[in-house]
There are 2 protein chains.
Amino acid sequence: MEIDKSLISGSTTMLLLKLLEEKDMYGYQMIEELSTKSDNTFSLKAGTLYPLLHSLEQQGMVCCYESEADSARVRKYYSITKKGKGLLRDKKAEWQHFAFAVNQVLKGGTVHATT
Amino acid sequence: MEIDKSLISGSTTMLLLKLLEEKDMYGYQMIEELSTKSDNTFSLKAGTLYPLLHSLEQQGMVCCYESEADSARVRKYYSITKKGKGLLRDKKAEWQHFAFAVNQVLKGGTVHATT
DNA sequence: TTCAATATGTAGATCATCTATATATTGAAT
DNA sequence: ATTCAATATATAGATGATCTACATATTGAA
């Protein structure tokens with residue numbers, strides 16, 4: 001199924017931080033892993049990813065180092081910082097709150113007053 | 001909790017159609033019901049709602065009639081059409097697919113190959 | 001040597017939300 | 001009577017996260 005991009009909007013940062021919480025990764029790898037783990041629901045574009053990574057780096061949420069581990073090629077690996085882990089925690093709470101609220105509305109029926 | 005607007009992006013049409021599936025409503029009422037049913041998670045702005053309603057009407061997803069039922073005041077009531085119900089069905093499926101994929105990534109761990 | 005896949009990057013377009021502004025009615029308080 | 005907050009609808013322009021399109025370069029296979 002093709003997912004409306006605007007639905008994905010706002011969740012990308014959280015998903016990237018989550019990936020980095022598991023292990024250090026380079027940009028291209030994050031696009032692939034996100035696609036795999038979501039059964040191709042998320043196919044993040046390079047033009048979205050790289051500016052986002054640079055922005056997260058500037059904010060101190062991730063840090064970057066170059067490495068040629070396991071490859072002749074030098075890649076830019078990203079690592080989540082303590083600050084980034086804090087942001088991830090907040091974003092996860094926000095997502096859960098949001099998803100609950102949507103499902104609440106979709107469930108339908110009348111809300112009873114609590115007063 | 002304050003929810004990032006970009007997270008809400010893309011779900012508004014679905015939520016409005018869902019409200020109208022339950023009963024005919026006028027614009028201002030939809031803002032209030034959406035807020036109540038979501039425990040104030042969604043506080044849709046008038047500047048978002050009215051253009052959206054007009055757009056949905058043009059697409060034939062909802063239809064509009066004026067009425068002064070239960071009030072001295074003439075209000076514009078909106079009603080969901082058969083086409084609108086079809087769109088709602090699609091949007092719900094899309095939302096469920098999306099939410100599942102996000103939770104899949106958040107769950108973490110390695111995805112095992114299915115081949 | 002040609003080409004697809006890998007890998008990183010920037011500029012500008014798109015689109016759904018927002019804020020700000022406008023208008024008018026209703027009902028309650030002064 | 002008059003003022004004011006809440007109700008009710010509406011439009012214009014700003015914002016912000018995504019996208020497409022373009023640019024560059026490396027790697028490995030045909």
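Letters A, B, ... mirror the listed sequences (proteins, then strands); counts begin at 1.
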Q: Not counting sequence neighbours, list each pair that qualifies as a salt bridge (charged side-chain N to carboxylate O under 4.0 Å, His left out) and has a residue in residues 78-103 of chain B.
A: A/Asp4-B/Lys91

**Q.** Between C1' of C/dC15 and CD of B/Gln59, the distance in whole Å
**A.** 13 Å

(Q) I'd like to check the side chain to side chain donor-acceptor pair (under 3.5 Å) partners of A/Ser35; sequence neighbours left out, ordered by chain and number. (A) A/Asn40

Q) If you measure from CG on B/Leu49 to CD1 on B/Ile31, what distance do you get to the nearest 0.5 Å? A) 5.0 Å

Q | Whole-Å gap separating P (C/dA16) and CE (B/Met14) | A | 15 Å

Q | Rounded distance (Å) that lies between atom P of C/dA7 and atom CG of A/Leu34 | A | 16 Å

Q | Minimum-distance nucleotide to A/Lys45 side chain [options: C/dT17, D/dC19, D/dT18] | A | D/dC19

**Q.** Flag, side chain of B/Glu57 to backbone of B/Leu53, donor-acceptor distance under 3.5 Å
**A.** no

Q) In B/S/- notation, 5' to 3', how is nucleotides 2-16 of chain D contacted by protein heavy atoms closer than 4.0 Å? A) -----BBBBB-----

**Q.** Spacing of B/Phe98 atom CZ relative to D/dT18 atom C1', expressed in whole Å
**A.** 12 Å

Q.
Suppose we screen for side chain to side chain donor-acceptor pair (under 3.5 Å). Which residues come up paired with B/Gln96, at least two apart in sequence or across chains?
A. none

**Q.** Residues from residues 85-93 of chain B lying under 4.0 Å of DNA chain D - heavy atoms
**A.** none

Q | Pairs involving residues 9-30 of chain B, ordered by first then second residue, that meet ring-ring contact (aromatic ring centres under 6.0 Å, His included) (sequence neighbours left out) | A | B/Tyr26-B/Tyr77

**Q.** Separation of atom CD1 in B/Ile3 from atom C1' in C/dC18, rounded to whole Å
**A.** 16 Å

**Q.** Test side-chain contact (heavy atoms from CB on, under 4.5 Å) applied to A/Thr48 - qualifying residues, sequence neighbours left out
**A.** A/Leu44, A/Lys45

Q) How close or far is atom C1' of D/dC19 from atom CG of A/Leu7, stated in whole angstroms? A) 15 Å

Q | Gap between atoms CG and P, on B/Asp4 and C/dA16 respectively (whole Å) | A | 17 Å

(Q) Output the rounded distance in Å from CG (A/Leu56) to P (C/dG9). (A) 14 Å

Q: Under the side-chain contact (heavy atoms from CB on, under 4.5 Å) rule, collect the residues that match up with B/Glu66, sequence neighbours excluded.
A: B/Val74, B/Lys76

Q: Please work out if B/Thr12 contacts a base, only the sugar-phosphate, or nothing of the nucleic acid, heavy-atom cut-off 4.0 Å.
A: sugar-phosphate

Q) Under the side chain to side chain donor-acceptor pair (under 3.5 Å) rule, what pairs show up with a residue in residues 12-23 of chain A, not counting sequence neighbours? A) A/Lys18-A/Glu21, A/Glu22-A/Lys37, A/Lys23-A/Glu33

(Q) List the residues meeting side chain to side chain donor-acceptor pair (under 3.5 Å) with B/Asp39, not counting sequence neighbours, and say none if there are none. (A) none

Q | Watson-Crick and G-U pairing of DNA chain D written in dot-bracket, each distance under 3.5 angstrom, with | for inter-strand partners | A | ||||||||||||||||||||||||||||||

Q: Please list, chain by chain and in numerical order, all residues satisfying side chain to side chain donor-acceptor pair (under 3.5 Å) with B/Thr41, sequence neighbours excluded.
A: A/His97

